Each structure stands twice: as structure tokens, then as C-alpha cells.
Amino acid sequence: MTKLVYFAWVRERIGKPDEDLDLPASVVTVGDLLTHLATLGEEYENALQYPDVIRVAINQEHVEHDEPIAGAREIGLFPPMTGG
Amino acid sequence: MTKLVYFAWVRERIGKPDEDLDLPASVVTVGDLLTHLATLGEEYENALQYPDVIRVAINQEHVEHDEPIAGAREIGLFPPMTGG
Amino acid sequence: MQPITPTIRVEADDFDLQAEIDALTAGRTDIGAVVSFSGLCRGEKGTLSALELEHYPGMAEAEMTRIAELAIERFSLMGLTAIHRFGKIEPGENIVLVIACSPHRQAAFDGANFVMDFLKTSAPFWKKEHAADGSPRDWVSAKDADDKAQEKWL
Amino acid sequence: MQPITPTIRVEADDFDLQAEIDALTAGRTDIGAVVSFSGLCRGEKGTLSALELEHYPGMAEAEMTRIAELAIERFSLMGLTAIHRFGKIEPGENIVLVIACSPHRQAAFDGANFVMDFLKTSAPFWKKEHAADGSPRDWVSAKDADDKAQEKWL
């Protein structure tokens with residue numbers, strides 16, 4: 001099981017702040033994960049329709065979309081940051 | 001009569017904070033003034049021995065050494081500034 | 001010289017700038033320059049009633065610490081504080097505070113500026129606008145200008 | 001938009017940073033960024049007992065006002081305060097304060113930085129060092145680095 005956490009409009013569109021998911025073995029990279037999640041329902045499809053803009057953190061550190069997710073305890077998905 | 005005011009080590013070397021002087025007609029520019037003052041005694045010579053480093057203000061505004069002093073009510077002489 | 005540990009906080013409450021500067025400088029005589037940056041919520045000519053600041057707990061602090069340590073190393077800072085608020089913030093209120101201390105002024109300016117630029121693009125915070133007229137709330141879009149501002153340090 | 005009048009003071013007493021920022025920002029919702037610079041007297045590893053700050057009364061205020069107005073114009077600032085102390089100042093004490101307010105962060109950083117760079121080279125202040133061991137007091141020499149810092153704005 002991998003913990004997924006969502007923020008800002010990704011959280012709003014998916015409709016929950018976090019969840020634990022069993023990911024299929026075919027999901028190797030962050031990019032694979034985004035493609036996989038978009039198949040889980042309309043709300044996921046809506047949240048992830050432009051995967052290029054989705055920022056991802058593995059174990060609370062920023063990663064690129066080609067990063068393998070092996071060893072991830074927690075994966076965060078969110079829009080570009082707008083703090084400060 | 002022109003009021004001269006001195007600051008920092010220029011003031012210390014000349015030995016007074018200010019004075020009113022009658023300047024000869026031959027003193028046209030700031031550079032002429034520095035040359036003239038250096039003839040007024042050892043303390044002036046000592047203060048102004050390196051005229052290039054002396055900063056000058058006419059009526060409380062910075063001027064270059066080639067500036068005419070005509071119309072000056074107050075002329076300030078001082079070393080490069082070290083505030084801030 | 002002992003390593004400098006930044007002060008990093010993510011909190012709902014407002015901060016006290018003077019108290020934070022005092023905490024960095026009290027009893028020290030080796031600091032010659034202190035630069036503070038306060039980021040405030042703008043009212044956008046009366047159209048905004050508040051901002052709602054969301055963050056990624058844990059990662060927000062970790063990312064701010066990482067940025068702060070980069071700045072301390074790069075500009076040889078003698079002290080650094082970064083505080084970011086979350087929750088509802090009204091126009092005129094503080095959002096973020098960065099303080100950098102150094103023997104010399106340019107390093108203090110650069111340190112605070114660097115932290116703000118990286119914080120904008122890398123620290124996991126998101127702003128949602130509450131419109132004064134009650135119209136649907138929108139998430140603030142990330143600005144290209146912020147990415148460009150960060151790139152000046154690369 | 002009404003013209004911005006800078007707050008300029010030359011005084012013996014210490015200043016209160018928070019009070020000065022409050023005076024610039026109170027009741028306003030159009031300021032998004034406030035940058036403050038505080039310059040402090042360094043103790044030079046215990047060798048300095050105090051600095052004596054001399055200034056040219058009248059011209060000091062006039063020159064600071066001129067620099068402040070240049071910065072307001074150049075960076076479209078919404079508020080600017082510059083305060084310079086004179087007299088005897090001990091290690092750890094404040095010497096100078098500059099605060100710049102703007103809608104956006106880079107203008108606030110640049111405004112405060114610009115004022116400091118020009119103040120260093122153009123405002124008529126001079127520092128004399130009082131050595132801790134009582135040896136003869138020396139006037140601080142002007143630094144080439146300060147002239148270079150000013151040149152970055154030309």
C-alpha cells in the first residue's frame with residue numbers, strides 16, 4: 001500500500017485529502033502513476049487531465065515525472081506552488 | 001564673506017568646525033579654493049595635502065572640483081563619506 | 001565557527017518581526033546587517049476579502065529548511081529565520097517573513113531575496129482567493145515571473 | 001496616485017523598527033512587500049569599543065531625501081523610510097535603518113538596497129573608531145567596494 005496525499009485543486013477535484021492505494025506492478029515511474037490514477041474515475045481524470053502541470057513529491061521531496069516510485073511511503077500530488 | 005564648514009579629519013586637522021573667509025577674486029573654482037586654503041598655514045596644508053580625496057559641497061550639494069564657487073553661501077569640505 | 005541553524009516555522013498565528021530580529025541579534029556584536037522581508041496580503045482594490053493558505057505539513061517545513069540551509073551556505077549568513085503562515089489571511093495581514101543576518105549588507109540582501117525566490121517556487125503552499133463579492137473562489141495561478149526570479153540564482 | 005513622501009530622520013536616539021514599519025503599512029491593503037535593512041555596529045572581535053558618527057546637519061537630511069526620492073521614482077515604491085543615527089554607537093547597536101514598501105517583492109528589495117548603496121557613498125556621515133584598548137582613534141576609510149556597489153545601479 002502506498003499513501004497518496006493531494007493538495008489545493010488536485011485535492012478538491014479528486015474529492016479527498018489522502019488515500020492508501022495498492023498500485024499495480026506496471027506503475028514504475030511517477031508518470032506511470034499519473035496515467036494509472038486518471039483511469040480510476042471521472043474525478044481523477046478531471047484532476048489529472050494535464051499531467052504536465054502536476055507537481056509530485058515522494059516522501060516529501062520534489063521529484064520529476066521520470067522518477068521511479070519504488071520505495072515510496074508517501075506520494076504527494078499538487079499544482080505548482082503559490083506561497084510566499 | 002563665504003562660510004566654510006569642515007568635517008571629520010578635515011575639521012580635526014584644520015582645527016575648527018567652520019569659519020567665514022574673504023576669498024580673493026583669483027579663486028574661481030573649487031580646485032582654486034583648495035589650493036588657496038593650503039597657503040593659509042600648516043594646519044590647512046596638512047588637511048589638504050591630497051586635494052583629490054577632499055569632497056566638496058556648495059550650499060549643501062555635492063560638487064566636482066571644477067565647479068565655480070560663485071554664489072556659494074556655504075562651502076563644506078570633508079573626506080569621502082563612511083556612513084551607513 | 002559553529003554551524004548556523006535556521007529558525008523555520010509554519011504557523012497560523014501572526015509573527016512579531018521585532019521579536020524575531022531580537023532573537024537573531026541579541027547579545028551578538030558580529031552582525032553588521034539585518035535584512036527582513038515581510039510579504040503581506042493585498043486587497044486587490046477591494047475585490048479580495050481574504051486568502052486561504054494551504055500547505056503540505058511536514059514537507060513545507062522540510063523544504064523551507066532546505067532552502068534556508070542553501071542560503072546560509074551560499075551567502076555565509078550568521079542567522080536566518082523563515083516563517084510562513086497558513087489558514088485565512090486578510091488584506092493587510094502578514095503572510096511570510098524572512099530575516100537574514102550577515103556581517104555585510106549585500107549578503108544579507110541576497111540571502112533574504114534568495115530564500116523568498118525559492119520559497120515562492122519550491123515550498124508547498126497554495127493560495128486560494130476569497131472574493132469580496134462572494135463569487136466562486138479561485139486558486140491563485142503560479143507565475144512565470146516567479147520561475148524567472150528563481151532562475152537568476154542558478 | 002498621490003506622490004509618496006519619504007520619511008527621513010537623522011537622530012541620536014535609537015529607532016523602533018516595528019513602529020516605523022507600522023507607520024508605513026497601517027490601514028493600507030495595497031502593499032505586498034516590505035523590506036527593511038538595519039545596519040549595526042560590529043565589535044570587530046572585541047577590538048572596538050564604539051563608533052562616533054559625525055554628520056553634516058542639513059545636508060545629511062537633504063542628501064538622504066534626494067536618494068530616497070530617486071528610489072521611489074525608480075522602483076515605484078509605495079513607502080520609504082530612512083533613518084541614520086549620529087553620536088556614539090556601541091557594538092550591537094543600530095546605526096541606520098531603511099524600509100521600502102512596494103506591491104511586489106523585487107522592487108522592495110531593490111529599493112532598500114539602492115538607498116543603502118547611495119547612502120554609503122553620498123550621504124555626509126563619517127565614522128570614527130574608538131578602540132577597546134584606548135589606542136588612538138581612527139577615522140574609518142571609505143571602501144572601494146562601496147563605490148562599486150553604487151555603480152551597479154548606474
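All chains are named by letter (A, B, ...) in the order of the sequence lines, taking the proteins before the strands, and each is independently numbered beginning at 1. All figures in this text were calculated on a predicted structure; none of them were measured in a lab.
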C:A149 to D:R105 - nearest heavy-atom pair and separation = CB-NH2, 3.6 Å

Within residues 113-130 of chain C, residues adjacent to chain D where the heavy-atom gap is under 4.5 Å = C:N113, C:M116, C:D117, C:K120

For residues 26-39 of chain C against chain D, heavy atoms under 4.5 Å, the residues are C:R28, C:T29, C:D30, C:I31, C:G32, C:A33, C:V34, C:V35, C:S36, C:F37, C:S38, C:G39

Inter-residue atom distance C:E20.CD - D:Q18.CD, 0.5 Å rounding | 10.5 Å

Atom CD of C:E11 with >12 non-hydrogen neighbours under 6.0 angstrom | yes

Give me the contact list for residues 87-101 of chain C versus chain D, heavy atoms only, anything under 4.5 Å, ordered by residue number.
-> C:P91, C:G92

Looking at CG of D:L17 and CG of C:L17, how far apart are the two atoms once the value is rounded to the nearest 0.5 Å?
-> 5.0 Å

If contact means a heavy atom pair closer than 4.5 Å, which residues of residues 45-54 of chain C contact chain D?
-> none

Applying a strict 4.5 Å limit to non-hydrogen atoms, the region of C:A145 in contact with chain D is neither

Counting heavy atoms not belonging to C:D144, are there more than 12 under 6.0 Å from its CG?
-> no

